[in-house]
Every structure is written in C-alpha cells, then in structure tokens.
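Atoms considered below: every heavy atom in the structure, side chains included; atoms not considered: hydrogens, waters and symmetry mates. Note on naming: letters A, B, ... go to the chains in the order of the sequence lines (proteins, then strands), and numbering restarts at 1 for each one.
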Amino acid sequence: MADVWGGLMTLAELFALSLVIGVVAPLAGVGGGVLFTPILLGFTDIHPDLVRATGLAIATYSSIMAGTTFFKQRLSPFKLVVLASAILMPGAIVGAQVGVYITATMGTWGSGFVRTVLGVVMFAVVTLLLLKRIDWPEARCDDKLVRVFGLEYFYHEKTLGKEVRYCPRRVGLGLFLLFFVGFASGFFGLGAAWALIPIYNLVMSLPLKVAAATANTSIAIADSAALWVYIHGGKIYPEIYIAGALAVILGAKIGARLMLIAPTRPIRLLIIGIMIFNGIQLIMRGLKEMGVV
Amino acid sequence: MKSKSSEEIYAEVTKWLIYVAYVAMALALIIRLIFAPEHAFHQLEQAIAGGLAVWRPEVSQDMWVVYAVGFANLIVAVGLSVAVPALIREHKATAAVAIFILLLLLLTALAPGVLKIH
C-alpha cells in the first residue's frame with residue numbers, strides 16, 4: 001500500500017522545485033521548460049518520457065499565455081507565427097516520435113543517449129544566451145514571402161515614442177532553420193525561445209524586442225501537436241504533468257514581477273552556471289547509462 | 001463597427017480557455033488525490049523511482065485527468081479555428097496555412113495511429 005503522507009510530501013517537494021524553477025527562469029532570460037526538463041532528467045530517476053512530456057506542456061501553456069499579451073500589442077506578428085508553426089509543428093511531431101521511439105526501443109541506452117545529447121544542447125543554450133544581438137535591424141520589406149503572407153507589421157515602441165515598422169527578411173532560410181528547432185523542442189521536451197530568438201533576430205532581422213516576443217509565442221501550436229504524441233503513448237503522469245506545469249507557470253508569473261525589482265545580472269550568471277553544471281552532469285550520467293564510461 | 005483582427009480574436013479566446021484549462025487540470029488532480037489517494041500515490045512512488053514508463057487510466061477518477069489534459073491541449077486548435085474567418089478576410093494565403101495547421105493538429109489529436117511509428 002502506498003504511503004499517503006509520504007506521497008503528499010513528494011508531491012509538495014515536486015511542486016516547490018517546479019515553482020522555484022518557474023520563478024528563477026524569467027530572471028535568467030529563459031523559459032521554465034529549459035530548466036525543468038534538464039534538471040529533472042539530470043537529478044531524478046523519473047522516466048525521461050514523463051519528464052519530457054511535462055516540459056513540453058510547460059512550453060505549450062507558457063507560450064499560449066505569452067500570446068494573450070504579445071499578439072494584442074502587435075509585438076508578435078500573428079501571421080508570421082502561423083507560418084512558422086506550419087514548419088515548427090512537423091519538426092516537433094517528428095522530434096517527439098523519434099524521442100519516444102528511442103527510449104521505448106533502446107531502453108537504458110536510449111535514455112542515456114537522450115541525457116547525453118541534452119547535456120550538449122545545454123552548452124548550445126548557454127552559447128546562444130551569450131550571443132550578441134541586434135536591437136534595431138534595418139526594416140526591409142522586399143522579401144517575396146512578406147507580400148504573399150502579409151508579414152509587414154507596425155507596433156508602438158514606448159521607449160522611442162513612435163510606431164516601428166518591421167518585416168522579416170530571409171524568410172525562406174529562417175523557416176528552414178525552424179524545422180530543426182521544432183525537432184529539438186519535441187525531442188527534448190524543451191521550449192525553444194533560446195533558439196528562436198537568434199533566428200528571428202539575427203537571420204530574419206526582426207527587432208530584438210519583437211524577436212523575443214515572437215519566440216515566446218511561436219511554440220504553442222507546434223508543441224501542442226507534439227504533446228499528443230506523448231499523451232497517446234501514455235507518456236504523461238498526472239501528478240508530475242499537472243503539478244509541475246501549473247507550478248512552473250505560477251512561478252513564471254511571480255518571476256516576471258520580481259524581474260522589475262530583483263538584480264537580474266547575478267541571477268542570470270548563477271543560472272548559466274547551473275546550466276553548465278547540469279549539462280556536465282547530464283553528459284556524465286548519459287554516457288554511464290550508455291556504457292561508454 | 002470595426003471588426004476584430006485575427007490576432008485579437010486568437011488572443012482573447014485562448015486567454016479565457018487557458019484559465020479554464022488550469023482550473024480543470026487542478027480539479028482533476030484534486031479529485032484523483034481525494035478519491036483515489038492510494039492509487040495515485042502508489043503510481044507516484046513508481047514514477048519517482050523510474051519504474052512507470054507508461055501511464056494508462058485505471059480507475060474512474062483517472063478519466064478526469066484525461067479529459068482535463070485533452071481539453072488543455074485543444075486550446076490552440078480552438079483559438080486558431082475561431083481566428084480563421086478573420087484571417088480569410090485579412091490574408092487568404094495565411095488563412096490557408098492556418099487551415100493546414102488545424103488539419104495536422106486534428107490529425108495528431110484524433111487519429112494517433114496515423115502518426116504512430118513506435
């Protein structure tokens with residue numbers, strides 16, 4: 001018989017951990033899923049599929065919430081997000097299918113492989129977080145796809161006190177890259193803002209603020225589709241899925257408010273340090289499970 | 001009267017639905033914990049120990065979780081469906097992409113066998 005009191009304590013611990021992840025993630029400039037999935041995969045024995053499904057849920061619901069604000073303000077171009085979703089979604093579905101297939105058919109070796117690759121991805125995330133970005137790229141609306149899909153937008157920039165015009169450039173190349181971002185999101189159960197911001201800003205030349213808002217709203221539709229792969233396969237566990245997702249999202253709301261008063265630079269450096277440590281830990285544990293070390 | 005844009009419609013619909021989804025998921029979890037605590041915590045023990053790789057509903061309280069999670073995951077599909085008429089008015093090419101996305105979403109949600117490779 002299960003120990004109900006012990007179970008409640010475990011659930012409370014899981015909720016508290018997820019809440020803390022949710023609070024600190026926005027202070028570090030990353031989404032909750034990017035911390036939740038690697039930390040739980042690195043430091044707990046919970047099956048990778050259950051963790052990844054919860055990570056995807058966090059990414060999906062956070063992205064839906066971001067959309068309720070950014071679409072109205074036109075900080076995130078809805079038509080570009082629809083177009084991006086058409087590419088991100090197949091990538092995310094394929095990524096989720098491959099992820100589930102690897103852990104289902106390759107057992108411990110497969111779990112180790114997922115952990116190792118995620119550890120490497122953590123270093124990529126840290127590198128992309130440190131990448132220099134461009135605040136105001138030149139707005140040139142000469143891309144053919146901009147005309148075809150109506151991607152020319154205006155929003156009111158408070159700091160400049162004027163309407164800012166923007167449209168994506170190199171749309172074809174940007175969309176091509178999005179497939180791989182979708183794949184990574186579905187495969188690892190991560191949000192994808194860390195990869196989407198550089199693509200939108202540096203490749204597609206969206207203003208930094210627009211790129212960040214668009215990255216936060218882009219993954220909802222794609223990850224919602226990828227989540228069905230996990231749901232149909234019975235890869236969700238209610239207490240982890242619901243308690244984890246709700247706690248991270250609640251924590252993110254608190255974190256967003258704290259951002260206005262907390263010293264974000266030391267927290268950001270601390271989180272980057274944790275991500276590096278987490279990456280090393282994931283690689284070590286993964287290689288051990290694969291029988292390499 | 002000025003009609004609402006597709007982004008305004010999508011944002012408003014999803015805003016309300018996501019709050020309903022949060023409440024539904026929290027209630028489903030509470031129902032499972034109150035009415036089937038030993039079942040829930042036995043599975044939690046297994047999950048924490050890494051022994052639970054696949055979860056299937058076993059008792060009636062589990063079905064609330066299935067409905068709540070399923071509903072939460074349909075939010076973007078509902079939001080996009082409601083925004084499609086406005087998208088058709090604004091830009092037909094984007095509306096076509098949105099309809100393609102909706103079809104793919106419904107396919108993944110309703111016909112799991114079609115996309116299952118494992």
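- Residue contact with chain A, scored on non-hydrogen atoms closer than 4.5 Å, involves the side chain of I75(B) exclusively.
- When atom types are taken as modelled, the side chain of H91(B) and the backbone of K79(A) share no donor-acceptor pair closer than 3.5 angstrom.
- Heavy-atom neighbours of chain B within the stretch residues 219-226 of chain A, taken at a separation under 4.5 angstrom, comprise A220(A), I221(A), S224(A), A225(A).
- Note on ring orientation: taking the six-membered ring where Trp is involved, the planes of Y10(B) and F71(A) are perpendicular (angle over 60°, cut-offs 30° and 60°).
- To the nearest 0.5 angstrom, I242(A) atom CD1 is 5.0 Å from L29(B) atom CG.
- Distance check, rounded to the nearest 0.5 Å: CD1 of I64(A) to CG of L17(B) gives 9.0 Å.
- The CD atom of E7(B) lies 12.5 Å from the CD atom of Q73(A); values are rounded to the nearest 0.5 Å.
- Residues M25(B) and P238(A) have side chains not in contact (no heavy-atom distance under 4.5 Å, counting atoms from C-beta outward).
- Residue contact with chain A, scored on non-hydrogen atoms closer than 4.5 Å, involves the backbone and the side chain of A72(B) alike.
- Contact between A11(B) and G67(A) at its shortest, heavy atoms only, is CB-O, 3.9 Å.
- Proximity to chain B is absent for every atom of A57(A), based on heavy atoms less than 4.5 angstrom apart.
- Neither the backbone nor the side chain of A68(B) comes within contact range of chain A, judged by heavy atoms closer than 4.5 Å.
- Residue L106(B) does not touch chain A at all, counting heavy-atom pairs closer than 4.5 Å.
- Taking chain B as the reference chain and counting heavy-atom pairs below 4.5 Å, the highest number among I240(A), V148(A), T44(A) is found for V148(A).
- Considering only heavy atoms from C-beta on, Y22(B) comes within 4.5 Å of I249(A) through its side chain.
- For the atom pair L80(A) CG and T94(B) OG1, the distance stands at 10.0 Å (nearest 0.5 Å).
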(request) With side chain to side chain contact (heavy atoms under 4.5 Å, CB included) as the test, would you mind laying out the steps for H47(A) and V54(B) before giving the verdict? (result) CA-CA 9 Å; H47(A) 194 280; V54(B) 177; over 6 Å; no

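- Within the 4.5 Å cutoff, no side-chain heavy atoms of K15(B) are placed close to those of M65(A).
- With sequence neighbours excluded, no residue forms a ring pair (Phe, Tyr, Trp, His ring centres under 6.0 Å) with Y67(B).
- Listed options F70(A), Y61(A), Y237(A) were ranked by heavy-atom pairs under 4.5 angstrom with chain B; first place goes to Y237(A).
- The side-chain heavy atoms of I48(B) and D45(A), taken from C-beta on, include no pair separated by under 4.5 Å.
- With rounding to the nearest 0.5 angstrom, the CH2 atom of W228(A) is 7.5 Å from the CG atom of L110(B).
- Taking non-hydrogen atoms and a 4.5 Å limit, the residue list of residues 79-87 of chain B in contact with chain A, ordered by number, reads L80(B), A83(B), L87(B).
- Contacts of F15(A) classified as ring pair (Phe, Tyr, Trp, His ring centres under 6.0 Å), with partners at least two apart in sequence or in another chain: none.
- For chain A, the nearby part of I18(B) is the side chain; its heavy atoms alone come within less than 4.5 Å.
- Note on T60(A), I236(A), D49(A): by heavy-atom pairs under 4.5 Å with chain B, the leading option is I236(A).
- Residues T108(B) and M89(A) form no side-chain contact, since every pair of their non-hydrogen atoms from C-beta on lies 4.5 Å or further apart.
- Around the CZ atom of F43(A), the shell of radius 6.0 Å holds more than 12 heavy atoms that belong to other residues, nucleotides or ligands.
- The residue among A96(B), A95(B), A47(B) with the most heavy atom pairs within less than 4.5 Å of chain A is A47(B).
- Proximity to chain A (any heavy atom under 4.5 Å) is shown, for A40(B), by both the backbone and the side chain.
- Most heavy-atom pairs under 4.5 Å with chain B, from the set L8(A), I231(A), T69(A): that is L8(A).
- Separating the NZ atom in K72(A) from the NZ atom in K4(B) is a distance of 7.0 Å, to the nearest 0.5 Å.
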